[in-house]
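So the structure is just underneath, and the comments pick up after that.
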Number of protein chains: 2
Amino acid sequence: MPKPKKERILEEAERLFAKRGYDGVSLREITNEAGVDVALVKYHFGNKQGLFDELLSRRAKALNRERSDALDAVLERHDPAPVEEVVDAFTHTLLNKVVSEDPSWRSYFGLLAQVNNNPDWGGRAMSKHFDPLVHRFLDALKRALPGCDEADLYWCYHFWSGALTLTFADTRRIDGLSGGLCHSSDFEAVHKRLVPFISAGFRALCQKYEENDREHH
Amino acid sequence: MPKPKKERILEEAERLFAKRGYDGVSLREITNEAGVDVALVKYHFGNKQGLFDELLSRRAKALNRERSDALDAVLERHDPAPVEEVVDAFTHTLLNKVVSEDPSWRSYFGLLAQVNNNPDWGGRAMSKHFDPLVHRFLDALKRALPGCDEADLYWCYHFWSGALTLTFADTRRIDGLSGGLCHSSDFEAVHKRLVPFISAGFRALCQKYEENDREHH
DNA sequence: CTCACACTTCAACAATTGTTGAATAACGAC
DNA sequence: GTCGTTATTCAACAATTGTTGAAGTGTGAG
């Protein structure tokens, strides 16, 4: 049984939109790659925007639950939880999906990178799907960093989000910049480094009082 | 004497490309906003890509010199220089231009954000204009963080670049997320926080031996 | 079989896209 | 003025864009 054509459209659209953005891909390019007729887009998704919205939301729900569960697991062990563990719970899920699981997740995160960096309507689209989850994580971080300024916290998340976004954009710039030492698609390398990098940033800005026990790991 | 039409095209193109990306803006939209004929694009820049390239490079040269000078000033005072000062030299110039100077710089940085996050050709475009400068800064950081792993250093720059990119993309997501506490276009707020955040990240990943004197500022 | 329904194809639409050649205008040098 | 160069306009091009109505195919139930 061949894959249903609706799904073929979604796959190709995800792949192409992730690479060249909403305006950089035409419906015919998608449907040609998928081997289906253009009119199917209207039938299944209404129009181009409907197709894009469907791509955005179809994976968001499962992803949100998974990351929320990861946070729960951390908070169950200790609350307030160390900054590192909260940051890791947020990032771990994403990078694991890219590294080991169904590679189509990689396209999805590429899509999110496009959306998150879109000055026109990206902010609203991201907020619509992910703000509640982000608030859960920021609440946990607030408890981990008592007395911290709320604005500091949000800006830290902003920097964090930017680092993740550029990672998933996968522009291969670091490949040339590093002379082949690093590879833009080496998400394992990112995984190892992003958590300590971001956690240190949070502590530097949001940790008001020095604590004695700084045991991490 | 009214502004030359060539310049009007550049201004509007910069503004629109920054907001909606290369494929999201048509030449006629640019030339209509600028009040000139479409054919002028061919005359002055060859084609659409030529216009975009001109936008990218016309400000890059001056910007590179300015940032290189900022690094020189730091290194003249002390070499190796503290991480904070090197990071600040890189970021300071950008954010100052946005805050105080000619507001058209803001469009230019929005343009850079679009390019830097573009998976298709963004990496090459950024490298072409900015890699030598980035290498200068990374060299200074390498001296500030003796014995550090080179790959770590490049990945730190990657996170840094991502944080800056999302900032200049100006998506207004943080406005809603923070309930109005932060504003995406408040570059002064970013300025205060980005340097300590990124510096702490560099230290966390790249600082091999604890040092006694951690005097900053 | 027949009917209803979901799915798919086909052919075409009006609008917009980047690009272009030829004609026109502005302007300084001589 | 006259000429050469630069700048600008005009009208149009072929191609592609998203979208659409109508026709066609398949399938499963009755």
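Labels below follow one simple rule: chain letters A, B, ... track the order of the sequence lines, proteins then strands, and each chain is numbered from 1.
In this entry the distance linking CD of A/E7 with C1' of C/dC7 reads 15 Å, nearest Å. In this entry the distance linking CG of B/N47 with P of C/dG21 reads 13 Å, nearest Å. Summarising the geometry, the separation between CZ on B/F45 and P on C/dT20 is reported as 16 Å, rounded to the nearest angstrom. Straight-line distance from the CG atom of A/L16 to the P atom of D/dT17: 12 Å, rounded to whole Å. Whole-Å rounding puts the A/N32 CG to D/dG18 P distance at 12 Å.
Classification of A/R15 and A/E33 as a salt-bridged pair holds, one side-chain N sitting under 4.0 Å from a carboxylate O. A salt bridge links A/R193 to B/D152: one of the charged nitrogens lies within less than 4.0 Å of a carboxylate oxygen. Ion pairing between A/K61 and A/E66 fails under the 4.0 Å rule for side-chain N and carboxylate O. Between A/E54 and A/R59, no side-chain nitrogen of the basic residue sits less than 4.0 Å from a carboxylate oxygen of the acidic one, so the salt-bridge criterion is not met. The existence of a salt bridge linking A/D170 and A/R106 is confirmed by a sub-4.0 Å separation between a basic side-chain nitrogen and an acidic carboxylate oxygen. Contact check on A/R173 versus B/D131 returns a salt bridge, with a Lys/Arg side-chain nitrogen under 4.0 Å from an Asp/Glu carboxylate oxygen.
At the phosphate of C/dT16, neither OP1 nor OP2 sits under 4.0 Å from any side-chain N or O atom of B/S26. Under 4.0 angstrom from either OP1 or OP2 of C/dT19 there lies no side-chain N or O belonging to B/K42.
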Can you pull every protein N or O that's under 3.5 Å from an N or O on nucleotides 24-27 of chain C?
none

Nucleotide N/O to protein N/O under 3.5 Å, stretch nucleotides 27-29 of chain D:
none

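Contacts between residues 48-58 of chain B and DNA chain C, counted as heavy-atom distances below 4.0 Å, involve B/K48.
Exactly one residue among B/F202, B/Y154, B/F90 makes a ring-ring contact (aromatic ring centres under 6.0 Å, His included) with B/F137. That residue is B/F90.
Taking the centre of each ring, B/W160 and A/F159 stay at or above the 6.0 Å mark. Between A/F187 and A/F168, the gap from one ring centroid to the other is short of 6.0 Å.
Looking at residues two or more places apart in sequence or on another chain, you find no salt bridge (Lys or Arg N to Asp or Glu O under 4.0 Å) involving B/E188. Taking the side-chain contact (heavy atoms from CB on, under 4.5 Å) definition, one finds that A/K42 meets it with nothing, sequence neighbours left out.
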task: Assess whether salt bridge (charged side-chain N to carboxylate O under 4.0 Å, His left out) is satisfied between B/R20 and B/E29, documenting all intermediate values.
output: CA-CA 12 Å; B/R20 296 208 300 277; B/E29 197 176 356; 2.2 Å; yes

- prompt: With the sugar-phosphate defined as primed atoms, P, OP1 and OP2, and the base as all remaining atoms, what B/S/- string results for nucleotides 8-15 of chain C, 5' to 3', for protein heavy atoms under 4.0 Å?
  reply: BBB-B---

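For the pair A/K97 and A/F109, the NZ or CZ position fails the cation-pi test of under 6.0 Å to the six-membered ring centre and within 45 degrees of the ring normal.
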